Amino acid sequence: MATDVATQAAVPEVQAFNITLIIRRFLPEIDEEARWESFDVEVYSTDRILDALHRIKWDQDGSLSFRRSCAHGICGSDAMRINGRNRLACKTLIKDLDITQPIYVEAIKGLPLEKDLIVDMEPFFAAYREVKPFLIANSSPEPGKERRQSIEDRERFDDTTKCILCAACTTSCPVFWTDGQYFGPAAIVNAHRFIFDSRDDAGDVRLDILNDKEGVWRCRTTFNCTDACPRGIQVTQAIADVKQAVLRGRA
Amino acid sequence: MSAVTAPRSEKKPRPGGTLYRGYTGMWSWVLHRITGVAIFFFLLVHILDTALVRVSPEAYNAVIGTYKTPLMGLGEIGLVGAILFHALNGLRIILVDFWSKGVKYQRTMFWVVIGLWVVLMAGFLPRQIANIILEVNGQ
């Protein structure tokens, strides 16, 4: 018993808070349009917004719907607008927010709202598919060998390999909100990943696709995408690289 | 386990979703749009009143004379402010697009734009406000 007390004393108690989450709800079976609903929930200072959403769904209202899979910032399922900015719910610590105010949580903007925090991602993935996000090579490597690449050549597109397709960047873009035809930052980032890859031979095809009215030239450099990216990709820089490549006519 | 209760906010949430908060990049773009549209309408009127000189110099003088009121003086402050911001931020956007380090320093450049704007307005305002006061007293 004595050791138990000693261990308990050594571990500092994690502080709990009562916070208010105001969530933009939309249940297509009931609601004509989206409405705001407030939830009080007790959380620990180590919790994330995703934990608070779980607590609401498990203990208060099972109808609350949101996407999440890995819960560790890799799968890209739980992008949402938290206090007016696109974030991953699983990477946003509650202690980093102002908990003296209610926390606003709503679906990402610019894609059709399906239910609560879930949007239809199909237009987003359609734009992604359009830039041919796969290796197109005209030559094959030597039998039994990999395609070789220098460290410098790998470095050129290193940043854009980190994309998890969470749509936080594309749905933070004011151009995308008003013009759903715009490819959007995520599609351009994933085109960048292959355009600047020395092993790929279809860079000119992708540059041609993005030299469209709805391509890179729709970018107005508001930097919302760079600020929203949970992987820290310099999205606006990637778009600028592609713009320069289109002007030069080559990667 | 001691729980701290957060005070409730009195504000009513927006039914259509909150305004995206963004950072300096987004707000400089919003300002650039607003000043751009405002300058467009000014230029429209400006072309029309300047074209009047081809109708007759007297008509031109009469119309330009109506601009010399305190209200138009305040409008001119807005016009100069809008043009200065649009011009300086336009240079920032050109640098973001064509200078290799432009993207990296975009936020610094935004504050440089604001700084230059304040300095230039500080040079313009005393003279303009003096003119407005003269117009008020003259009438």
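Sequence lines set the chain letters: A, B, ... in the order given, protein chains first and strands last, and positions in each chain run from 1. Since this is a predicted model, take the numbers as computed values, not measurements.
Residue pairs that meet the salt bridge (Lys or Arg N to Asp or Glu O under 4.0 Å) test with at least one member in residues 44-63 of chain B, sequence neighbours left out, do not exist here. Residue pairs satisfying the salt bridge (Lys or Arg N to Asp or Glu O under 4.0 Å) criterion with at least one member in residues 80-100 of chain B, sequence neighbours excluded, are listed as follows: A:Lys243-B:Asp97.
Defined by atom type and a distance below 3.5 Å, a donor-acceptor pair is missing between the side-chain atoms of B:Asn131 and B:Glu135. Side-chain contact annotation: A:Thr226 with A:Thr236, donor-acceptor N/O pair under 3.5 Å present.
Along residues 28-48 of chain B, the residues that come nearer than 4.5 angstrom to chain A, judged on non-hydrogen atoms, are B:Trp29, B:Arg33 in order of number. Of all residues spanning residues 171-190 of chain A, those with a heavy atom less than 4.5 Å away from chain B's heavy atoms are A:Ser172, A:Pro174, A:Trp177, arranged by number.
Of all heavy-atom pairs between A:Arg25 and A:Ser63, the closest is NH2-OG, 2.9 Å. The two residues B:Leu120 and B:Leu88 come nearest to each other via the heavy atoms CD1-CD1, 4.3 Å.
Under the 4.5 Å side-chain criterion, counting only non-hydrogen atoms from C-beta, B:Val55 is not in contact with B:Tyr60.
The closest donor-acceptor contact from the side chain of A:Arg85 to the backbone of B:Gly22 lies under 3.5 Å. A:Gln237 contributes no side-chain N or O that, together with a main-chain N or O of B:Lys104, makes up a donor-acceptor pair within less than 3.5 Å.
Looking at A:Ile239, neither its backbone nor its side chain comes within 4.5 Å of chain B, counting heavy atoms on both sides. Interface residue A:Gln244: only side-chain heavy atoms are found under 4.5 Å from chain B. Of the atoms belonging to A:Asn86, heavy atoms from both backbone and side chain fall under 4.5 Å from chain B.
Taking the ring centroids of B:Phe110 and B:Trp27, they lie at or beyond the 6.0 Å cut-off.
Between A:Lys162 and A:Asp159 there is a salt bridge, since at least one side-chain N of the basic residue sits less than 4.0 Å from a carboxylate O of the acidic one.
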